[in-house]
J.: 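Structure incoming, see below.
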Amino acid sequence: MRDLLQIGTFPTRAQNLIDSEFRCHTLAQLEQDDALRNSVRGIITRSNFAVPYEVIARLPNLGIIATCGVGYDLIALDAAAEREVIVTNTPEVLNSAVAELCIGMLLALLRALPAADSFVRSGEWLRGAFPLASNLAGKHVGIVGLGRIGKEIAHRLEPFGVTLAYFGRSDQQLQWRFESDLQALARTSDVLILTSPGGAATTGMIDAAVLAELGPNGYLINIARGSVVDESGLLEALSRRTIAGAALDVFDNEPDIDTRFFDLDNVVLTPHVGSATNETRMAMARLTLDNLHSFFANGTALTPVMAAPRT
Ligand code: NAP
């Protein structure tokens, strides 16, 4: 059985699977055994845990960083490239779960489902009717970063009778309208859905100007990364109601998020659970392990995000 550095925790079933195929150690454990630390060739982690430069530097024989998740914005890619370390993620297998969550959050936001639930439980219903909400049908929906997950969301949204458009770095020549100007997409959208990657290129992309274009009847759904949104601008827009509301699965500084969100009645908040179903997390764990097995068998990976050039 191969030794790995494990960074972060996994659900029990996934951890049992991992432990049946690899011997996992924490960095603290490896620091107590130099021979073991020097022999470790793989890291297993999850996309919401960081793999910083300093950790990569502590493992002289590292060859692969396998992250369980599709985002890899918290991995020091430069350090990995410098050392010719392969980085892998788990694309595709989580598309359905994340798209389903997105549709659920969108409907929960437009129909105020969390508030409606509280309304019934608290007995407020006896004192009057619940306020009217908004239809999804007929809305213009803009998707920012139309990749694997964004397309799954778009296909699921079509039967609701919405008009779709998208923003990204390129026109993908699809059946939906491409908009090369993010502010223009926000201006023409009732709902803006974020599905782009995190990282330096997208940090703060949804800023005060984009939120102003979305306007007082506009809704924001973020299932991408907290970093994509200028969070103080968003908090301001929500509290002043210069946008109508937001459904957020991802935040800055998770899980210790800005508590000002808790006081807002125009948000739906979930704890970064886009892929958090039993079926999907097991499929992600399986693909993560298969990437590691492939690397140990022949030096290649099944789903590399950045295959280091080998000389
Ligand atoms: P993907 O297939 O790589 O799609 C990302 C899309 O974003 C691409 O189509 C790309 O289109 C666009 N993009 C890239 N850089 C951009 C930029 N600077 N500005 C605008 N658009 C840009 O990735 P995916 O599998 O759909 O996953 C997307 C993201 O979802 C992940 O990176 C992750 O952060 C997030 N995610 C969240 C959860 C959760 O639990 N909430 C779960 C899974 C994934 P162009 O090349 O045309 O620009």
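No hydrogens, no waters, no symmetry mates; every other heavy atom, side chains included, goes into these values. One-based numbering along the sequence shown. Note that ligands are numbered from 1 as they come in the structure, with each ligand's atoms numbered from 1 the same way.
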J.: Just list the side-chain donor-acceptor pairs under 3.5 Å for residues 92-109, sequence neighbours left out, or say none.
T.:
residue	atom	partner	partner atom	Å
E92	OE1	N95	ND2	2.8
S96	OG	R156	NH2	3.3

J.: Anything under 3.5 Å between a donor and an acceptor, one on a side chain of residues 194-203, the other on a protein residue two or more places apart or in another chain? List them.
T.:
residue	atom	partner	partner atom	Å
T195	OG1	V144	O	3.4
T195	OG1	G145	O	2.5
T202	OG1	P197	O	2.7
T202	OG1	G199	O	3.4
T203	OG1	G199	O	2.8

J.: Only pairs at least two apart or in different chains count here, so list each salt bridge (Lys or Arg N to Asp or Glu O under 4.0 Å) that has a residue in residues 189-201.
T.: none

J.: Strictly below 4.0 Å, N to O, side chains only: are R148 and E152 in salt-bridge contact?
T.: no

J.: Write 'none' if nothing qualifies; otherwise put on separate lines each N/O atom of ligand 1 with a protein N/O atom under 3.5 Å away and their distance to 0.1 Å.
T.:
residue	atom	partner	partner atom	Å
ligand 1	2 (O)	R148	N	2.9
ligand 1	2 (O)	R148	NE	3.2
ligand 1	9 (O)	L146	O	3.3
ligand 1	9 (O)	G147	N	3.2
ligand 1	15 (N)	R169	NE	3.4
ligand 1	23 (O)	R148	NH2	3.4
ligand 1	25 (O)	R148	NE	3.0
ligand 1	25 (O)	R148	NH2	3.1
ligand 1	26 (O)	R148	N	3.2
ligand 1	26 (O)	I149	N	2.9
ligand 1	34 (O)	R225	NH1	3.4
ligand 1	40 (O)	H272	NE2	3.3
ligand 1	40 (O)	G274	N	3.1
ligand 1	41 (N)	I223	O	3.0
ligand 1	41 (N)	D249	OD2	2.9
ligand 1	46 (O)	R169	NE	3.4
ligand 1	46 (O)	R169	NH2	2.8
ligand 1	47 (O)	S170	N	3.4
ligand 1	47 (O)	S170	OG	2.9
ligand 1	48 (O)	R169	N	2.7
ligand 1	48 (O)	R169	NE	2.9

J.: Looking at every non-hydrogen atom in both residues, tell me the closest pair between A285 and A14 and how far apart they are.
T.: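 Minimum heavy-atom separation between A285 and A14: CB-CB, 4.0 Å.
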
J.: Between D117 and R121, is there a salt bridge with N-O shorter than 4.0 Å?
T.: yes

